[in-house]
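Following: one structure in C-alpha cells, then a few remarks.
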Amino acid sequence: MSTPEVTYKGYAIDKKRIRRHISTGEKKKEAADNNIQLGNNVFITWNLPYRAFKSSSPIIDHASPIFPPTPTLLKVSNSTSSNICSPNNTVSPNDHPTPTTLAIRNMELENRARLFVQAKHEDLMKQMGKVEKRMLTTYLYQFWLFAFKTAKYWGYGPREWNFDLLEFDRFRERDQANRSAGNTPRSIFGTPLNVDTPASEDTAIVLARLSTKPPPLCRWTIHAAIRNRYDGEEFSDDEEDSILGPDREESLGRWSPNGDRRTFEERLQKALESNEFSNLKAEEIPMAMARIVKATRRSQKELLQESFGFSIVARNEDVFWRLLPKVAKTNLENTGIYPLHLLTSFLDGSKACCNLLDAALNSIAQNHNVQRLFVNDHGHTVLDNLMLTILKSHTSCLPFIVDDNLAKMKRFTGEEVDICGRWDADSPCVRELFAEGQPRIPLEWKHMFCHTSAQAVCHSIGRVYGPVFAPDIDYPSGLFVKKCQACGKELRLRPLHTLVLIAFYLARSGCPGENLFGMLACLTCLLANGADPQLKAHISLDALRSRDNATECSHELLDPFELSERVPESLLTGWTEDAALGWKALCTLLRHARDERRDRSKPPRRRHERMEDFRIFIEISDDELSKSSDTEDDESDGEVDEELCQHSKPTTGNFYGGSKTIGVLWAAIQTELATYRRLTEEDPWISRYFDMRSLLDGLLNGGTISIPLVEDSMMAPFCECGRFFDVTDEACPCVDEVCNPDTDYFANLDVWSRSTYIMIPENYNESWYDFC
C-alpha cells in the first residue's frame with residue numbers, strides 16, 4: 001500500500017498530524033451538524049440536465065479562488081488519489097487509498113454536503129471539477145424529474161417512478177459542445193429581435209435534429225358549475241407507454257385507497273434513501289449523501305414547503321390540495337418561498353387556470369399577512385410576475401430586458417411548462433431539447449399571446465386584487481427599475497407603465513400573428529380593477545435605452561399614455577399590420593381612460609391609507625409612495641363622491657366603475673375569452689365578433705364600442721363596471737353566464753379532446769370579498 005505525501009508550501013507534513021487535525025475538525029462539525037437543516041429551495045432549482053444547466057447558469061463554469069478544487073499550497077500525492085474521485089475506475093486490492101487520503105476525501109465530501117444543505121450552491125460548484133459537476137447535476141436533475149413526475153401523476157400514475165420509468169436512457173445527453181440559444185433582444189429600444197429574424201444556424205440544426213415537437217394549437221380550461229374535473233386529454237398507445245410504462249392498464253386507473261398511504265413528502269424522503277430514481281450509486285455522488293438524507297429527515301417543515309413547490313410546478317390538484325393546508329400553517333416569511341410568484345411562473349391556462357392561485361391566496365391568508373408575500377426577493381410584485389409570464393411564453397426576450405439584476409439569468413423561471421398546455425417538463429420534445437444542451441424554449445415553438453394565455457392572466461389579476469387583503473393595484477412595479485446617474489434618483493414605474501413596455505416588447509420581439517389583443521385585455525382588466533391611468537412616474541427614456549449619462553438628469557414625470565407617445569417612431573417601423581393596429585388601440589384606450597377620469601369626480605377611495613399600511617411590510621420611499629401633484633392632489637378640491645355600483649370594493653379601492661366605455665369593453669373582452677378559441681391553424685386569432693379596427697374607430701370617436709358582440713346584443717346583462725349580473729364568481733364568469741340566452745349559441749370551445757372542464761373556485765363572490 002502506498003503512503004501519501006502531504007506537503008504545505010513545499011514542506012512535508014506528518015500524516016498522523018493530518019489525521020488528528022481532520023478527526024478533531026470532524027468531531028466539531030459533527031456536533032454542529034446534529035442540528036443542521038435544509039435551506040430554502042434546495043432541490044427544486046435543479047430542473048435541467050448538465051449541458052442545459054451549464055448553458056443557462058454562470059456558476060458551473062467558474063473555479064473559485066476562495067475554494068479551489070485542489071489548494072495550490074496544500075498537495076496530497078498518492079498513486080490512487082485520482083481513483084477516489086473516479087468511481088468508474090477499479091482500484092486494485094493492493095493499491096487502496098490510505099486512511100489519510102480517505103479522511104481528506106471524506107472531509108471534502110462532508111463539506112460539500114453542508115454547502116448543498118445550506119443552499120450555497122454556487123460555492124458548492126466552485127469546489128468541483130467538470131466531471132464532478134456533471135455527475136452531481138445529473139443526479140439532482142434525476143431527483144427533480146422524479147419529484148415532478150410523482151407530483152404530476154399523483155393519484156393515478158405509477159406509485160414508484162424508478163430509473164427505467166423515468167426514461168433517462170432514452171433522453172441521454174449528447175456529448176457535444178454547447179450551442180447558443182439564438183438571437184435575443186439586447187436592450188430596450190436598442191436592437192431587439194424582429195419577428196422575422198431567422199434563428200441562428202446552431203438552433204436551427206438542433207431543432208431539425210429533434211424527433212418530436214409540440215403541437216401548434218392550444219388546449220384550454222372551461223370554468224363550469226361542476227364538482228368533478230373533466231380532462232379531455234387523450235393518449236395514443238405509444239404515448240401511454242412512454243408516460244406510464246408497460247403496466248398502463250393499472251396505472252391509468254385511480255390509486256386504490258387501500259394501497260401505499262405514504263404522503264408525497266414521505267415519498268421524496270424515501271427516494272433519497274433508496275436512490276431508485278437514479279443510475280448513480282450514493283458513493284459515486286461527489287458529496288456525502290448520508291449527510292443530506294440525515295438533514296432532510298430533520299427538516300420536515302422545509303421538505304414540506306419544497307414538496308408544495310413541486311406540486312405547484314406539476315399543477316396536480318390532488319397533491320396540491322393535500323399539501324396546501326399544512327403549508328399554510330408554516331412560516332413562509334423570510335424563507336425564500338414565494339408561493340404566489342411560483343404559481344404565476346407556472347401558470348397553466350390549459351388545466352388549472354386561476355384555481356390554484358385562488359386556493360393558495362385564501363388558505364394562506366388564514367394564517368399569514370399575505371401582503372408580505374406579494375413582493376419577492378427580486379422586488380417583483382405578483383403582477384410583475386404575470387407580466388414576466390407573458391414575455392416568457394410569447395417572446396424571445398431574456399430576463400435582463402426587464403431587470404438589470406437578472407443579467408446572469410439565461411432563461412425565465414418556468415419555461416419548461418407552456419401556459420397553453422402544448423408542452424410540459426416531461427414532454428419528449430422538451431427532454432430532447434434539454435438533452436441537446438438547449439436550456440431555453442425556442443421562439444419557433446411559441447405562438448402569439450393567445451386567448452388561453454390572456455384568460456389565465458386576466459383571471460389571475462382578478463384573484464390577486466379582489467380580496468380585502470389585496471395590496472393597492474397601483475403599487476409600484478419592480479420591473480424596468482433604473483437609477484438616474486446624475487442625481488441618483490430611483491426611477492420606478494407604476495403597473496400601467498410596465499404594461500406599456502411589455503406590450504412594446506410583445507409587438508417587437510413576439511411571435512408571428514401577434515395582434516396585442518391579450519395586452520388590451522390585461523389593460524382593460526387592470527382599469528376595471530381600479531388601476532389609475534392618471535398616475536405619473538419618473539421615467540428616463542435614455543436610461544431605459546441604456547444611453548443616460550452622469551452630466552444631467554434625463555427623467556421626467558409621465559403617465560402611461562405619455563410614455564407610449566415617447567416610444568420613437570423608428571422603433572415602431574417594421575411591425576405587422578395587426579401589431580400596429582393593436583398598439584394604436586391600446587394607446588388610444590389609455591388616453592381615453594386618462595382623459596375620462598380627469599373629467600369625472602374622484603371616486604371615494606382609501607388608497608393612500610392602504611398604501612401606508614402596505615409600506616409597513618415592504619420597504620418603499622416616501623417619494624415612491626407619493627402621488628403626482630398633477631393627479632390625486634389636484635383632484636381633491638371640490639370632489640364629489642361617485643355613486644358606486646353593487647360590485648364596488650371600498651375596502652381596497654381596487655375597483656373602478658365610472659366609465660361606460662371601459663365597462664362595455666371589459667364585458668366584451670370577457671365574452672370573447674370565454675367563447676372563442678383558434679381550432680385550426682387557418683383560423684383567425686380573434687373571433688369575427690370582436691373587430692379591432694371597429695374598436696379603434698369607436699375609441700377615436702368618443703369611446704363608443706361598436707363591435708358585433710355589442711351591436712348585435714350577444715352578451716348577457718352586465719353592470720356599468722363591466723361585471724356580469726347573476727354570475728357564480730365575477731372574476732371568472734362561465735360561458736353560459738356571459739352569452740345572451742336569446743341569441744344563438746356562438747361559443748366554439750366545446751372540443752372535448754382539447755378542453756379541461758374545471759370547477760368554479762369554491763370561494764364564491766360573497767365569501768371571497770368579505771373574507772378577513
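Hydrogens, waters and symmetry mates are skipped; everything else that's a heavy atom, side chains included, is used. Predicted model, so just to flag it, every value in this text is computed and none were measured.
- Under the 3.5 Å distance criterion, the side-chain polar atoms of Q438 are left unmatched by any main-chain donor or acceptor of A52.
- Checking side-chain atoms of R51 against main-chain N and O of A435 turns up a donor-acceptor pair under 3.5 Å.
- For D548 against S554, the heavy-atom pair with the smallest separation is CB-OG, 4.3 Å.
- Note that NE2 of H341 is 8.0 Å distant from OG of S345, once rounded to the nearest 0.5 Å.
- Without hydrogens or angle criteria, H394 side chain to H447 main chain gives a donor-acceptor distance under 3.5 Å.
- Counted within 6.0 Å of CD on E577, heavy atoms from surrounding residues, nucleotides or ligands total 12 or fewer; the atom is thus considered open.
- Two residues are said to be in side-chain contact when any heavy atoms from C-beta on lie closer than 4.5 Å; I390 and F449 meet this criterion.
- The distance from atom CG of N515 to atom CG of L581, rounded to the nearest 0.5 Å, is 8.5 Å.
- Identified under the salt bridge (Lys or Arg N to Asp or Glu O under 4.0 Å) test for residues 585-596, with sequence neighbours left out: D559-R594, D595-R598.
- Taking 4.5 Å as the limit, some side-chain heavy atom of L520 sits within range of a side-chain heavy atom of L695.
- A heavy-atom distance below 4.5 Å is not found between the side chains of L516 and M448.
- In terms of heavy-atom proximity, A537 sits nearest to R494 at CB-N, 4.3 Å.
- Formation of a donor-acceptor pair under 3.5 Å by the S57 side chain with backbone atoms of F53 is not found in this model.
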Would W685 and H451 count as a ring-ring contact (aromatic ring centres under 6.0 Å, His included) if you check the C-alpha gap in whole Å, the side-chain angles of each, and the deciding distance to 0.1 Å? CA-CA 8 Å; W685 289 100; H451 282 25; 8.4 Å; no
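- Heavy atoms of other residues, nucleotides or ligands lying less than 6.0 angstrom from CZ of R693 number 12 at most.
- T45 OG1 to N40 CG: the interatomic distance, rounded to the nearest 0.5 Å, is 11.0 Å.
- Using modelled atom types, no side-chain atom of T452 and backbone atom of C420 make a donor-acceptor pair closer than 3.5 Å.
- Salt bridge status for E514 with K446: absent, with no side-chain N to carboxylate O gap under 4.0 Å.
- When each of T498, V464, L526, V457 is tested with L383 by the rule side-chain contact (heavy atoms from CB on, under 4.5 Å), just one qualifies, namely L526.
- Put simply, the residue from V567, L479, L563, I539 that forms a side-chain contact (heavy atoms from CB on, under 4.5 Å) with L501 is L563.
- Taking 4.5 Å as the limit, every side-chain heavy atom of L535 sits out of range of all side-chain heavy atoms of P533.
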Before you tell me yes or no, could you show the steps for L586 and L499 under side chain to side chain contact (heavy atoms under 4.5 Å, CB included), namely the whole-Å CA-CA distance, both residues' side-chain angles and the distance that decides it to 0.1 Å?
CA-CA 10 Å; L586 185 140; L499 182 142; 4.1 Å; yes
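- Of the possible donor and acceptor atoms, one in the side chain of E415 sits under 3.5 Å from a partner among the backbone N and O of I441.
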Stepwise, does the side chain to side chain donor-acceptor pair (under 3.5 Å) test hold for S477 with D384? CA-CA 7 Å; S477 171; D384 290 337; 2.7 Å; yes
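- Here the closest non-hydrogen pair linking I44 and W144 is O-NE1, 3.1 Å.
- For F434 and Y50, the distance between ring centers is not under 6.0 angstrom.
- Not a single donor-acceptor pair under 3.5 Å links the side chain of Q485 to the backbone N or O of T551.
- Between Y475 and T381, some side-chain heavy-atom pair lies under the 4.5 Å cut-off.
- Note that the CD atom of E306 and the OG1 atom of T335 stand 11.0 Å from one another [nearest 0.5 Å].
- Remark: the S427 side chain and the D424 side chain contain no N/O donor-acceptor pair separated by less than 3.5 Å.
- Across all their heavy atoms, H459 and C353 have their closest contact at ND1-SG, 3.4 Å.
- Closest of all the heavy-atom pairs between L357 and S460 is CD2-CB, 3.7 Å.
- Taking NZ of K392 as the start and CG of D418 as the end, the distance is 9.0 Å to the nearest 0.5 Å.
- There is a side-chain donor-acceptor pair under 3.5 Å between D348 and S350.
- F116 places a side-chain heavy atom less than 4.5 Å from the side chain of L140.
- Using a 4.5 Å heavy-atom threshold, the side chains of V500 and F561 count as separate.
- Within 6.0 Å of CG in N334 there are 12 or fewer heavy atoms belonging to other residues, nucleotides or ligands.
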For side chain to side chain contact (heavy atoms under 4.5 Å, CB included), just list the numbers for N385 and L342, CA-CA rounded to whole Å, side-chain angles, deciding distance to a tenth of an Å, and then say yes or no.
CA-CA 9 Å; N385 227 51; L342 196 60; over 6 Å; no
ask   = Checking side chain to side chain contact (heavy atoms under 4.5 Å, CB included) for the pair R463/L361: CA distance, chi angles, key distance, verdict?
value = CA-CA 8 Å; R463 294 286 163 230; L361 278 164; 4.2 Å; yes
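- Taking the centre and axis of the six-membered ring of Y656, the NZ or CZ atom of R597 falls inside the cone set by 45° and 6.0 Å.
- Residues satisfying the side chain to side chain contact (heavy atoms under 4.5 Å, CB included) test with D404, not counting sequence neighbours, are K482.
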request  = Assess whether salt bridge (Lys or Arg N to Asp or Glu O under 4.0 Å) is satisfied between E416 and R411, documenting all intermediate values.
outcome  = CA-CA 10 Å; E416 61 269 27; R411 66 195 298 272; 3.0 Å; yes
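- For the atom pair CG (D532) and CD1 (I473), the distance works out to 10.5 Å, reported to the nearest 0.5 Å.
- No donor-acceptor distance shorter than 3.5 angstrom exists from the side chain of H555 to the backbone of A543, with no hydrogens or angles considered.
- Relative orientation of the W583 and F504 rings is perpendicular, given thresholds of 30° and 60° on the angle between their planes.
- R422 places no side-chain N or O within donor-acceptor distance of the main-chain N or O of P214, the cut-off being under 3.5 Å.
- Of the charged side-chain nitrogens involved, at least one lies within less than 4.0 Å of a carboxylate oxygen, so that R566 and E556 count as a salt-bridged pair.
- In this structure, L527 and L496 have side chains that are in contact, with non-hydrogen atoms separated by less than 4.5 Å.
- In this structure a side-chain-to-backbone donor-acceptor pair under 3.5 Å is present from T344 to L340.
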For H380 and V375, run side chain to side chain contact (heavy atoms under 4.5 Å, CB included): C-alpha distance rounded to whole Å, both residues' side-chain angles, the deciding distance at 0.1 Å, then the answer.
CA-CA 5 Å; H380 301 163; V375 180; over 6 Å; no
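- When all heavy atoms of C397 and F412 are compared, the pair lying nearest together is O-CE1, 3.1 Å.
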